[in-house]
Amino acid sequence: MSVYKALTIAGSDSGGGAGIQADLKTFQELDVFGMTAITAVTAQNTLGVHGVYPLPVEGIVKQIAAIGTDLGTDAIKTGMLFSSEIIQAVSEQIKFFKWKNIIVDPVMIAKGGAALLQDEAVQALKSYLIPLSLVITPNIPEAEVLTGITIKSMDDRKEAAKRLHEFGAKNVVVKGGHDDSSDTLVDLLYDGAEFYYFTSNRIDTKNTHGTGCTFAAALTAEIAKGNNVQDAVQTAQNFIHEAIKNDLKLGNGHGPTNHWAYKKQKVIL
Ligand SMILES: Nc1ncnc2c1ncn2[C@@H]1O[C@H](COP(=O)(O)OP(=O)(O)O)[C@@H](O)[C@H]1O
Ligand SMILES: Cc1ncc(COP(=O)(O)O)c(N)n1
């Protein structure tokens, strides 16, 4: 039996719904062996972020090197990277180990508004990490910050996707969760030649903590298993859809999604 592996380089969410915790749960559900390099510890729950504690860059580099010099990985997901120093160091490690299947979720702001990326680090994302990515998965506000394009329509989103491709991302997914103009939700994929539209029904819930992390982790797991980007985006959308639809109703604020739901529903079918 082949064991496929994925490494997540991201922040820890003590509440278990986003960050490293969401990534590991998603990898496990999709039959991929998960490994971690933690960039920052957050004190967080469904009500918000109560503290952010970045790790020393040396400690982050050592975690990545520990994977690179022994276990290896089939794909990497990056999430909360916090500072330009961390982004540079992570990018150098990715180049050093010649890793290719890099999925960049350009995490900037938590749902409650707390900054998970310093403002000056946006340029480092563009200069160092995005050019190494196989797929970048911004939500609409993140795509706006990265490109400077105000996104009001699908044409604006396509323009932003093209710009992100010019920055060096081989594939761009501009996710549609923040466009509440319709009940149909569209995640847009651009591969440098064509646009692909992945549609789903919008679910009316406040429990969307960690949706972006979970979507990108599912995409990473599918790439780790050797699937192509289009199929991986479709599975990621199916995974997050089930996770949101079958929410767990935990906590008093924006609750986590249900990482068990996709697999359970597949077993029942
Ligand atoms: N209310 C919702 N109903 C169904 N799917 C959703 C909903 N909100 C987000 N999604 C899906 O979750 C994923 C993350 O979307 P988005 O909210 O745009 O990103 P982020 O969580 O990074 O802000 C996307 O695949 C999107 O289609
Ligand atoms: C450690 C960490 N990483 C990422 C997010 C973004 O999650 P969301 O999907 O809620 O925007 C988060 N809240 N915490």
Side-chain angles (χ1 to χ4, degrees), residues 8-24 26 36-55 77-82 86 103-117 135-146 151 157 173-189 197-219 232-247 251 253-259 261-262:
T8 168
I9 305 173
S12 164
D13 167 12
S14 53
I20 287 278
Q21 287 79 355
D23 296 346
L24 281 181
T26 304
T36 62
I38 298 181
T39 55
V41 172
T42 70
Q44 198 174 167
N45 56 23
T46 66
L47 297 170
V49 178
H50 307 287
V52 174
Y53 308 94
L55 261 70
K77 167 183 178 284
T78 68
M80 172 187 180
L81 296 175
F82 191 65
I86 296 177
I103 288 70
V104 174
D105 183 19
V107 171
M108 291 182 189
I109 297 168
K111 290 259 147 57
L116 302 178
L117 184 76
V135 191
I136 179 172
T137 63
N139 61 25
I140 288 173
E142 289 158 354
E144 289 184 321
V145 170
L146 287 166
I151 300 177
R157 241 207 274 179
V173 180
V174 185
K175 298 169 295 185
H178 294 249
D179 173 6
D180 51 16
S181 63
S182 145
D183 285 346
T184 303
L185 196 148
V186 183
D187 294 325
L188 173 75
L189 166 66
Y197 304 86
F198 296 84
T199 58
S200 77
N201 295 327
R202 171 175 294 281
I203 300 155
D204 185 18
T205 174
K206 66 178 171 48
N207 296 329
T208 53
H209 177 70
T211 50
C213 304
T214 302
F215 174 85
L219 177 52
V233 171
Q234 185 61 66
T235 302
Q237 194 190 64
N238 295 345
F239 190 99
I240 192 60
H241 192 83
E242 290 303 318
I244 297 171
K245 194 164 94 187
N246 299 282
D247 63 348
H254 291 288
T257 69
N258 180 349
H259 295 97
Y262 174 80

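Atoms within each ligand, like the ligands themselves, are counted from 1 in listed order. From a predicted model like this one, the values you see are computed outputs, not experimental measurements.
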With atoms numbered from 1 as shown, which atoms in ligand 2 lie under 4.0 angstrom from a non-hydrogen atom of [X]?
X      : value
Ala110 : 13 (N)
Val107 : 4 (C)
Gly212 : 9 (O)
Thr211 : 9 (O)
Gly11  : 1 (C)

>> Whether the Asn238 and Gln234 side chains hold a donor-acceptor pair (N or O, under 3.5 Å, no angle test) is what I'd like checked.
In response: yes
>> Under a plain distance cut-off of 3.5 Å, with no hydrogens placed, do Asn258 and Asn246 share a side-chain donor-acceptor pair?
In response: no
Between [atom1] on residue [X] and [atom2] on residue [Y], distance to nearest 0.5 Å:
X      : Y      : atom1 : atom2 : value
Ile203 : Asp247 : CD1   : CG    : 8.5 Å
Lys245 : Thr257 : NZ    : OG1   : 14.0 Å
Ile86  : Ile9   : CD1   : CD1   : 11.0 Å
Asp13  : Gln21  : CG    : CD    : 5.5 Å
Leu219 : Thr26  : CG    : OG1   : 11.5 Å
Asp179 : Thr184 : CG    : OG1   : 10.5 Å

Look at [atom] and say which protein heavy atom is nearest, naming residue and atom and giving the distance to 0.1 Å.
atom                    : answer
atom 9 (C) of ligand 1  : Gly177 CA, 3.8 Å
atom 22 (O) of ligand 1 : Lys175 NZ, 2.8 Å
atom 3 (N) of ligand 1  : Ile203 N, 2.9 Å
atom 21 (O) of ligand 1 : Thr211 OG1, 2.6 Å
atom 23 (O) of ligand 1 : His178 NE2, 2.7 Å
atom 25 (O) of ligand 1 : Asp187 OD2, 2.7 Å

> At under 4.0 Å between heavy atoms, which part of Leu116 makes contact with ligand 2: side chain, backbone, both or neither?
Replying inline: side chain
Where the closest heavy atom to [atom] is concerned, which of [options] has it?
atom                    : options                       : value
atom 11 (O) of ligand 2 : His209, His254, Lys111, Gln44 : Lys111
atom 6 (C) of ligand 1  : Ile244, Thr257, Thr205        : Ile244
atom 26 (C) of ligand 1 : Leu185, Thr137, Asp204        : Leu185

>> Consider side-chain contact (heavy atoms from CB on, under 4.5 Å). Of Asp105, Val233, Asp187, which one does Thr137 pass it with?
In response: Asp105
Using a 4.5 Å cut-off on heavy atoms from C-beta on, say whether the side chain of [Y] contacts that of [X].
X      : Y      : result
Met80  : Val52  : yes
Pro141 : His178 : yes
Tyr197 : Leu188 : yes

So is there a nitrogen or oxygen of [X] less than 3.5 Å from a nitrogen or oxygen in ligand 1?
X      : answer
His241 : no
Thr208 : no
Ser200 : no

>> Keeping Arg202 on the side-chain end and Ser181 on the backbone end, is there a donor-acceptor pair under 3.5 Å?
In response: no
> Looking at Cys213 and Gly19, what are the two nearest heavy atoms and their distance?
Replying inline: SG-N, 3.3 Å
>> Could you check whether any heavy atom of Glu142 sits closer than 4.0 Å to an atom of ligand 1, since that is the contact criterion I want to use?
In response: no
> Would Asn201 count as a contact of ligand 1 if the rule is a heavy atom under 4.0 Å away?
Replying inline: yes
Just jot down the ligand 1 atoms closer than 4.0 angstrom to any heavy atom of [X], in number order.
X      : value
Arg202 : 1 (N), 3 (N)
Ile240 : 12 (O), 25 (O)
Phe215 : 25 (O)

> Of all the heavy atoms in Ala10, does at least one lie under 4.0 Å from an atom in ligand 2?
Replying inline: no
>> Would Cys213 count as a contact residue for ligand 2, given that I'm defining contact as a non-hydrogen atom of the residue lying under 4.0 Å from a ligand atom?
In response: yes
> Does Lys111 NZ have over 12 foreign heavy atoms under 6.0 Å away?
Replying inline: yes
